[in-house]
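Before any comments, here is the structure.
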Amino acid sequence: PKAYATSRYMSTNSWLYFRFLVLLFFVGHFIANFIYYWPEEHFIYFMYLSRWFLICNVLLECIDFLLAFWGSVLLENGLKTPTLPILVKIHMAL
């Protein structure tokens, strides 16, 4: 949990807020892109590889935020849970 919940340059809470802001940026960009292109393209929207990369980036940022959040909770409470390594494996696979 320490590897995902801490930063050398920021406190744990600052790192968590930074991860949340990056997540909001990527989700907002995806929603704006989808709203702009969907009315004229419909299902052809998913034909382009750049849109698939955008979707993968949004998923990765969601996982990054979840890892940072759960890691910070685990660091504060000193708990161990098996869910964090599963998310780490998914994150590495993506």
Side-chain angles (χ1 to χ4, degrees):
K2 188 174 181 180
Y4 285 94
T6 58
S7 170
R8 292 194 300 175
Y9 305 108
M10 294 186 214
S11 67
T12 303
N13 286 338
S14 298
W15 180 246
L16 190 61
Y17 294 139
F18 172 74
R19 281 275 133 218
F20 184 68
L21 288 175
V22 172
L23 173 66
L24 286 180
F25 176 77
F26 273 93
V27 169
H29 179 72
F30 172 72
I31 290 171
N33 188 292
F34 189 79
I35 288 172
Y36 184 79
Y37 287 109
W38 183 260
E40 61 189 42
E41 294 181 0
H42 298 290
F43 289 103
I44 297 174
Y45 176 85
F46 296 108
M47 180 177 75
Y48 299 105
L49 194 58
S50 62
R51 276 96 185 243
W52 285 103
F53 282 130
L54 181 61
I55 292 168
C56 283
N57 279 333
V58 169
L59 289 175
L60 278 173
E61 289 302 325
C62 288
I63 292 173
D64 280 341
F65 175 72
L66 286 174
L67 286 172
F69 177 73
W70 284 339
S72 66
V73 169
L74 290 176
L75 283 177
E76 289 176 5
N77 297 333
L79 302 174
K80 293 186 179 183
T81 180
T83 58
L84 193 61
I86 293 170
L87 278 178
V88 171
K89 290 177 185 177
I90 293 170
H91 182 262
M92 293 295 198
L94 286 175

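These numbers were taken from a predicted model, which means no experiment stands behind them.
- A pairwise comparison of heavy atoms in P39 and F34 identifies CD-O, 4.3 Å as the closest pair.
- Applying the ring-ring contact (aromatic ring centres under 6.0 Å, His included) test between F65 and each of F20, F18, W15 identifies F20 as the sole match.
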Test log, rule side chain to side chain contact (heavy atoms under 4.5 Å, CB included), inputs F25 and L21: CA-CA 6 Å; F25 176 77; L21 288 175; over 6 Å; no
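- Shortest non-hydrogen contact noted between L16 and A68 is CD1-C, 3.7 Å.
- Taking CG from L54 and CG from L59, the interatomic distance works out to 10.0 Å, rounded to the nearest 0.5 Å.
- The distance from atom CD1 of I63 to atom CG of L23, rounded to the nearest 0.5 Å, is 11.0 Å.
- When all heavy atoms of F26 and V58 are compared, the closest pair comes out as O-CG2, 3.6 Å.
- A 4.5 Å side-chain heavy-atom check between N57 and F30 finds every atom pair outside the cut-off.
- Between the SG atom of C62 and the CG atom of L67 there is a distance of 11.0 Å, given to the nearest 0.5 Å.
- Tracing side-chain contacts under 4.5 Å through hydrophobic residues (I, L, V, M, F, W, Y), one reaches I35 starting from Y45; they form part of the same cluster.
- Less than 6.0 angstrom separates the ring centroid of W38 from the ring centroid of F43.
- Other cluster members for Y48: I44, M47, joined by side-chain heavy-atom distances under 4.5 Å among Ile, Leu, Val, Met, Phe, Trp and Tyr.
- The nearest pair of heavy atoms linking N33 to R51 is OD1-NE, 4.0 Å.
- Under a cut-off of 6.0 angstrom, the local environment of OH in Y37 is sparse, with at most 12 non-hydrogen atoms contributed by other residues, nucleotides or ligands.
- Under the 4.5 angstrom side-chain criterion for Ile, Leu, Val, Met, Phe, Trp and Tyr, Y17 has no cluster partners at all.
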